[in-house]
Amino acid sequence: MIKHISITLKTALFFPILIWINSCQNVDKLKFSNYFFYNEDQNLTTLDPAFTRTQSEIWVASQMFEGLVEFNDQLESVPCLAKSWEVSDSGKVYTFHLRTDVFFHPLTEINPNEKNQTPSKKFKAEDVVFSFRRVADPKTASPGAWIFNDKMDLRCFTSNDSVPFPVIALNDSTVQITLLKAFKPFIGILSMNYCYIVPKGINTAEFRTHPVGTGPFMFRKWEDEVGVLLGRHPQYYRFENGQRLPYLDGVMVDNIKNKQTAFMKFVHGEYDFFNGIDATIKDELINRNGNLKEAYKGKFNLIKSPFMNTEYIGFNIDPKFGNHPLSNADFRRAINFAIDKKNLILYLRNGIGIPAQYGFVPAGMPGYAFDKINKQTYNIDSALFYLKRSGVNLAEMPEIVLNTTQDYLELMIYVQKELQKVGVKMRIDVHPSSFLRQLKKDQKINCFRGSWTADYPDAENYLICFETRNFSPDGPNYFHYTNPAYDQLMQKSMTEPDAAKRMSYLTQAENTMMRDMPCIILYYDESIRMSQKWVEGLTSNPNNFLRLRSVKKLKH
């Protein structure tokens with residue numbers, strides 16, 4: 001115990017959050033032994049859940065906020081602020097029955113012992129209506145507005161004031177939501193950060209830096225590019241084994257940009273948790289099989305699990321690119337068969353990741369009928385067959401330019417060398433990630449490395465990327481893939497109440513799309529989490545969600 005505390009106090013020399021807490025009084029430093037320390041290497045831009053977009057922001061926000069429903073570690077929808085719900089026979093009306101023992105965080109200063117606090121506000125149905133209306137309102141400009149835009153009648157925000165907002169409070173503990181048409185994944189959508197509940201009447205401009213939610217931890221302090229401090233919510237409604245959660249006294253999130261520096265601080269015991277392994281540390285830590293090397297065995301807990309992220313090489317096959325070889329489906333199939341994805345995972349990612357053999361929906365998707373998906377595996381003979389059938393003259397073809405970011409350059413060089421084996425020449429252009437996103441959005445390039453992580457764990461959230469109605473720049477179809485049969489199957493899947501029939505529509509749609517090969521799937525990602533031996537109750541899940549309410553720190 002003393003060793004860890006001494007390291008933590010050393011951290012205080014450069015981590016002003018501890019100074020914020022102790023600036024006016026001489027506090028026993030042992031109290032910080034029950035705070036959970038971890039690092040985020042990305043800047044936070046907001047703590048308002050209506051605007052959080054990155055994993056870093058969502059992880060912090062999810063400690064302070066909750067939605068009507070949430071996903072458990074098996075990605076099943078379970079009650080949260082709503083204790084139960086019913087769906088009408090039409091599939092369009094959802095009625096939620098809310099918990100009546102939930103309070104928002106008290107409005108207080110940094111000192112948790114401050115006596116002059118604003119009393120906690122009780123959570124009611126009016127807060128749900130306010131929260132959803134706030135996100136849906138075009139004036140808010142929330143990036144999460146899309147989750148309501150095509151699912152609800154939102155004429156209340158235009159000229160027709162007589163049309164009510166389709167989320168209403170029937171009483172203090174009952175909310176009713178009416179959709180334009182049945183949409184099977186709707187419950188899953190409500191687990192997203194955009195649907196976290198905030199108190200009615202908050203000021204959006206101030207809420208970014210002074211958030212108030214119902215979650216297990218409450219906001220204390222945030223200093224840009226330094227860190228975030230959260231304290232335990234004293235009135236949190238959940239209990240476990242007779243004890244009110246959370247077990248931790250608080251959470252401290254550091255903001256060190258250099259991942260190798262952050263990893264060394266984890267090794268030295270300054271952080272309780274470390275997420276992800278990049279190229280700078282993977283060879284030091286992990287062997288080719290994706291396990292801890294001997295030097296680290298027994299020192300940390302390591303959890304590796306499927307992560308709902310698909311890594312791919314995409315092709316924009318819009319007619320504007322004319323007779324380019326990548327506009328030829330057989331040529332794209334040849335490229336796919338020419339890449340040995342198992343060796344990519346083994347030698348470039350130290351066994352972290354699942355080599356792609358199915359389609360765009362990743363291996364971590366629970367309940368998906370992967371046995372109905374046509375497999376795509378490495379096969380040089382197939383590559384040569386499709387090259388010949390494509391009719392592309394390799395000697396005279398225009399140059400293929402693969403666009404990527406610096407983080408993925410090594411992987412793309414591997415792809416480049418694989419294609420050289422079958423005579424396909426490729427140049428690699430490296431761009432900043434923001435510039436690459438813009439190039440894709442503006443259709444300036446027709447070959448790019450990409451990834452897609454689910455907003456909610458449903459195969460539909462992946463397959464919408466190939467619907468004609470979602471053409472970029474207005475949607476995520478950067479491939480400009482269009483197929484009427486595919487679109488029809490997807491539309492059927494969204495309203496089909498029978499689970500087996502819905503699954504059939506989805507798998508048929510994916511097989512249809514993959515035959516046309518608008519992208520090459522490289523691998524399905526895996527999440528890597530490490531925690532100190534004194535951490536108990538930290539779990540992993542396919543959407544890489546960080547849940548700390550039941551985490552404990554043992555004496556050591």
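- In terms of modelled atom types and a separation under 3.5 Å, the side chain of Tyr462 and the main chain of Thr453 share no donor-acceptor contact.
- In this structure, CG in Leu538 is found 6.0 Å from CZ in Phe273, a value given to the nearest 0.5 Å.
- Aromatic rings from Phe479 and Phe466 are positioned such that their centres are separated by under 6.0 Å.
- Aromatic rings from Phe300 and Phe266 are positioned such that their centres are separated by under 6.0 Å.
- For Ser62 (side chain) and Ile58 (main-chain N/O), a donor-acceptor pair under 3.5 Å exists by modelled atom type.
- Annotation: Tyr94 is in aromatic contact with Phe186 [ring centroid separation under 6.0 Å].
- Between the side chain of Thr178 and the backbone N or O of Val93 there is no donor-acceptor pair closer than 3.5 Å.
- Summarising the geometry of Gly67 relative to Cys80, their closest heavy-atom pair is O-CB, 3.2 Å, with the distance given to 0.1 Å.
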Evaluation steps, side-chain hydrogen bond (donor to acceptor under 3.5 Å, both in side chains), between Glu240 and Tyr247: CA-CA 9 Å; Glu240 192 170 278; Tyr247 296 114; 2.9 Å; yes
Worked check of side chain to side chain contact (heavy atoms under 4.5 Å, CB included) between Lys553 and Leu248: CA-CA 7 Å; Lys553 288 179 69 173; Leu248 298 166; 3.9 Å; yes
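- Side-chain contact between Asn43 and Glu225 is present, with heavy atoms from C-beta onward closer than 4.5 Å.
- Between the side chains of Ser56 and Gln42, no donor-acceptor pair of N or O atoms lies under 3.5 Å.
- Counting non-hydrogen atoms of neighbouring residues, nucleotides and ligands closer than 6.0 angstrom, the NZ atom of Lys181 reaches no more than 12 such neighbours.
- When side chains are defined from C-beta on, Arg133 counts as touching Phe157, because their heavy atoms get closer than 4.5 Å.
- Among all heavy-atom pairs drawn from His105 and Ser120, the shortest one is C-OG, 4.2 Å.
- A donor-acceptor pair shorter than 3.5 Å can be found between the side chains of Trp534 and Asp272.
- No donor-acceptor contact under 3.5 angstrom links the side chains of Ser305 and Glu526, judged on distance only.
- In this structure, a donor-acceptor pair under 3.5 Å is absent between the side chains of His97 and Ser173.
- Checked by atom type, the side-chain pair Glu57/Thr45 shows a donor-acceptor distance below 3.5 Å.
- Looking only at side-chain heavy atoms (C-beta outward), Asp101 and Phe123 stay at 4.5 Å or farther from each other.
- Between His480 and Phe471, the angle of the ring planes stays under 30°, which puts this pair in the parallel group of the 30/60° scheme.
- Of the inter-residue distances, the one linking Glu460 atom CD with Met365 atom CE reads 10.0 Å to the nearest 0.5 angstrom.
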Asn470/Asn477 under side-chain hydrogen bond (donor to acceptor under 3.5 Å, both in side chains): CA gap, chis, key distance, verdict: CA-CA 5 Å; Asn470 289 325; Asn477 187 346; over 6 Å; no
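- Salt bridge Asp254/Lys265: absent, no basic N to carboxylate O contact under 4.0 Å.
- Phe148 and Phe132 have their aromatic ring centers within a separation under 6.0 angstrom.
- The salt bridge (Lys or Arg N to Asp or Glu O under 4.0 Å) pairs that include a residue from residues 447-459 are Glu311-Arg449, Asp458-Arg502, where partners are two or more places apart or lie in different chains.
- Both tests pass for Lys440 against the ring of Tyr478: distance under 6.0 Å to the centre and angle within 45° of the axis.
- The backbone N or O of Trp59 sits less than 3.5 Å from a side-chain atom of Gln63, completing a donor-acceptor pair.
- A heavy-atom distance below 4.5 Å is not found between the side chains of Met308 and Trp452.
- Counting heavy atoms of neighbouring residues, nucleotides and ligands inside a 6.0 Å radius, atom CZ of Arg469 exceeds 12 of them.
- A donor-acceptor contact closer than 3.5 angstrom links the side chains of Gln55 and Asn544.
- Annotation: Phe274 is in aromatic contact with Phe263 [ring centroid separation under 6.0 Å].
- Looking at heavy atoms from C-beta onward, Thr174 lies out of side-chain contact with Leu98 at the 4.5 angstrom threshold.
- Remark: Lys124 NZ is loosely packed, at most 12 non-hydrogen atoms of other residues, nucleotides or ligands lying under 6.0 Å away.
- Under the 3.5 Å distance criterion, with hydrogens and angles disregarded, no donor-acceptor pair is assigned to the side chains of Thr140 and Asp137.
- Taking the ring centroids of Tyr312 and Tyr523, they lie at or beyond the 6.0 Å cut-off.
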Test side-chain hydrogen bond (donor to acceptor under 3.5 Å, both in side chains) applied to Ser433 and Thr405, step by step: CA-CA 6 Å; Ser433 58; Thr405 58; over 6 Å; no
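- Applying the side chain to side chain donor-acceptor pair (under 3.5 Å) test to residues at least two apart or on different chains, the pairs with a partner in residues 186-211 are Thr52-Asn193, Arg134-Thr204.
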